[in-house]
Each structure stands twice: as structure tokens, then as C-alpha cells.
Amino acid sequence: MKKFTIFVAGNLLIKEDSVALKLMPKLAKKFPQIEFIELEPTDNFPEEKFLTIIDAVEGINEIKIIEDIDKIVLQKSFSLHDFDLGTNLKLLKKAGKLEKVKIIGIPMKWKEKQALEELCKQIKKLLNE
């Protein structure tokens, strides 16, 4: 099995956007061969050509793998507080600093138990790729 990093995005202050971050310690225990790192889009964004990210996604009812950055719908930005993951990924791609991304999207309405079970299935698939 290859060792790799999965970045985990979210916001602990917003319940619907916190599920991935809350699951991070449990995922780290289940997958010790993977490094899980909290991703804060407004901080130092990792400059890697290939990124795997777990994040809560609005408007989906099941886990969805997103690999096409162009399909990410951006919200209107009024300040740096609105500078989100999608904006950052699109800028990195445009600058040629990002070649491939795989976002494991969790429905925002899911409970932690359901999300953990489904995430584990997806991560096992990733490990076998």
C-alpha cells in the first residue's frame, strides 16, 4: 500500500461544514498509513500537483467524488472570509500549480456515523488504486 496524504477541509464553527474535520481523528486511527491534514483554504495552501481532499458539499445526497475543478460552483466573494476551497483550487489550476484533484464530497446533512462508514469505503478504494 502506498502512503499518501489526505487533506480535510471544513469549518468547525458551522455545524453542516464540520463533519469532515470531526471525523479526522477517527479516520487517522482507521488508516494509520495515511496522513490526514487539516486544510484551511485561506492559510498556506499545499503546493502539490496532486491533491486528495475530504470536504462537506452542499446539494448532494451521497458521497460524490469530484475530479473536475471546473464543475465547482463558486459563491460570490465579498471579502477574504468568502475565499473558499473552490476559489483556491481554481486559482492553483490556472497558475499551473495543480494538475489533479480528487475531492471526496460528503453531504452536509449527514450524521457523523453514516459519513464515517461511507468515507471508509471510499478511502479503501483509493488505497487500491
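Along the sequence shown, the residues carry numbers beginning at 1.
Taking CE from M108 and CD from E58, the interatomic distance works out to 5.5 Å, rounded to the nearest 0.5 Å. Note that NZ of K109 and NZ of K15 are 9.5 Å apart. Values are rounded to the nearest 0.5 Å. Between L12 atom CG and E38 atom CD the span is 6.5 Å, to the nearest 0.5 Å. Put simply, CD on E35 and CD1 on I37 are 3.5 Å apart, with the number rounded to the nearest 0.5 Å. Once rounded to the nearest 0.5 Å, the distance linking CG of D68 with CD1 of I103 reads 10.0 Å.
Residues satisfying the salt bridge (charged side-chain N to carboxylate O under 4.0 Å, His left out) test with E16, not counting sequence neighbours, are none. Here E118 pairs with I63, W110, K121 under the side chain to side chain contact (heavy atoms under 4.5 Å, CB included) rule; sequence neighbours left out. Shown here are the side chain to side chain contact (heavy atoms under 4.5 Å, CB included) partners of V8, two or more places apart in sequence or in another chain: A20, L21, M24, F36. Every side chain to side chain contact (heavy atoms under 4.5 Å, CB included) that K125 has, sequence neighbours left out, goes to Q122. Evaluation of the side chain to side chain contact (heavy atoms under 4.5 Å, CB included) rule for K26 yields L23, E112, L116 as partners, not counting sequence neighbours.
F7 pairs in a side chain to side chain contact (heavy atoms under 4.5 Å, CB included) with only one of the listed residues (D55, I54, L39, V101), which is L39.
Proximity of I123 to K30: side-chain heavy atoms (C-beta onward) are nowhere separated by under 4.5 Å.
Heavy-atom minimum distance, L27 versus C120: CD2-SG, 4.3 Å. Heavy atoms only, all atoms of each residue included: L13 and N11 are closest at N-OD1, 2.8 Å. Between K124 and N128, the shortest heavy-atom distance links the atoms O-ND2, 3.1 Å. Residue E62 comes nearest to P107 through the heavy atom pair N-CG, 3.5 Å, listed as atom of the first residue, atom of the second, then distance.
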